[in-house]
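The block underneath contains the structure these notes are about, expressed in structure tokens.
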Amino acid sequence: MKKRFLAVLAIPAILAACAANNDNSTVVAESDLATHNWVLTKVDSKAVDLPEPFRAPNLELSAEMSANGHSGCNRYFGQAELKDGKLRIEKMGMTMMACPEPAMKMEQLMSSTLMDWSNATISGNELTLTNASHSLTFQRSEQ
């Protein structure tokens, strides 16, 4: 009788362990993000396409999670926070230049997404930040 009781108790634990092993997602750690330059390649699954002389926005994070980069028109800076796989940049500051519409639209989208909590996932050299409004996909760059 004791063996059956122990077997009944063990089955849910074994099934839970098997389910956990089949889950390929991992919680992103600060060390996965920090000391890299992430260049924006896609917004909402569409390739970033800015006219010359504008360049793709980027996100750089230091080992202390200080953030800075180019948002499409202006430079930004702030302190990144990572909690439970979600990332945001708190108290973001930014230069205040005016640029033509495609760059300003990209900047507004980029800065609003970075200031809001977004789910952060990394797959290979790709970082994706996803919130209720947008999904930003970045490629790790050596520069």
Side-chain angles (χ1 to χ4, degrees), residues 4-143:
R4 284 189 183 173
F5 180 71
L6 290 175
V8 170
L9 288 178
I11 289 174
I14 291 169
L15 292 175
C18 290
N21 287 338
N22 289 334
D23 186 8
N24 291 331
S25 64
T26 58
V27 175
V28 174
E30 288 181 5
S31 60
D32 298 327
L33 299 169
T35 68
H36 295 296
N37 178 33
W38 300 95
V39 178
L40 187 66
T41 57
K42 296 178 193 170
V43 174
D44 301 329
S45 300
K46 295 180 184 172
V48 170
D49 184 28
L50 289 174
E52 289 291 332
F54 301 104
R55 58 188 166 93
N58 72 312
L59 169 63
E60 294 181 47
L61 296 166
S62 73
E64 296 80 28
M65 294 297 285
S66 62
N68 71 77
H70 181 265
S71 60
C73 177
N74 290 287
R75 303 246 351 127
Y76 67 90
F77 54 91
Q79 184 63 40
E81 294 181 282
L82 183 65
K83 292 183 183 173
D84 300 323
K86 294 180 184 261
L87 178 80
R88 77 169 176 178
I89 299 177
E90 185 180 35
K91 300 176 185 169
M92 183 188 284
M94 186 174 284
T95 59
M96 301 295 286
M97 296 185 306
C99 293
E101 187 50 45
M104 291 304 290
K105 183 177 180 183
M106 176 64 70
E107 176 168 295
Q108 191 280 328
L109 186 144
M110 173 96 167
S111 61
S112 66
T113 302
L114 290 176
M115 288 189 288
D116 192 14
W117 286 107
S118 296
N119 290 320
T121 57
I122 293 180
S123 177
N125 286 329
E126 218 172 58
L127 164 66
T128 303
L129 301 177
T130 306
N131 63 25
S133 301
H134 296 287
S135 177
L136 304 180
T137 303
F138 298 85
Q139 186 77 31
R140 187 179 0 230
S141 171
E142 298 302 320
Q143 299 177 14

State the [atom1]-[atom2] distance between [X] and [Y], to the nearest 0.5 angstrom.
X    : Y    : atom1 : atom2 : answer
M65  : L82  : CE    : CG    : 5.5 Å
E60  : N37  : CD    : CG    : 4.5 Å
M94  : M110 : CE    : CE    : 8.5 Å
M104 : S71  : CE    : OG    : 8.0 Å

Nearest heavy-atom neighbours spanning [X] and [Y]:
X    : Y   : result
I89  : A67 : CD1-CB, 3.6 Å
M106 : G72 : CG-CA, 4.4 Å
A56  : L40 : CB-O, 3.5 Å

Sort and list the pairs that fulfil ring pair (Phe, Tyr, Trp, His ring centres under 6.0 Å) and have at least one residue in residues 58-104, not counting sequence neighbours.
->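 Residue pairs passing ring pair (Phe, Tyr, Trp, His ring centres under 6.0 Å), neighbours aside: none found.
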With sequence neighbours left out, what residues match [X] under side chain to side chain donor-acceptor pair (under 3.5 Å)?
X    : value
T137 : none
H36  : R140
N68  : R75
S135 : T130

Considering only residues two or more places apart or on different chains, which pairs with a residue in [range] satisfy salt bridge (charged side-chain N to carboxylate O under 4.0 Å, His left out)?
range            : value
residues 34-51   : none
residues 87-105  : E81-R88, R88-E90
residues 107-128 : none

Heavy-atom check, side chain of [X] versus side chain of [Y], under 4.5 Å:
X    : Y    : value
V39  : R55  : no
I122 : W38  : yes
L59  : L136 : no

Heavy-atom donor-acceptor pair, W117 side chain to K83 backbone, under 3.5 Å =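 Checked: no pair found.
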With distance as the sole test, does T95 use its side chain to make a donor-acceptor pair with the main-chain N or O of M97 at under 3.5 Å?
->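 It does not hold such a pair.
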Can you list every pair that meets disulfide bond (SG atoms under 2.5 Å apart) and has a residue in residues 32-96, with sequence neighbours left out?
->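 Applying disulfide bond (SG atoms under 2.5 Å apart) to every pair that reaches into residues 32-96, excluding sequence neighbours, yields C73-C99.
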Using the test side chain to side chain contact (heavy atoms under 4.5 Å, CB included), find all partners of S118 that sit at least two apart in sequence or belong to another chain.
->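 Applying side chain to side chain contact (heavy atoms under 4.5 Å, CB included) to S118 gives T113, L129, N131.
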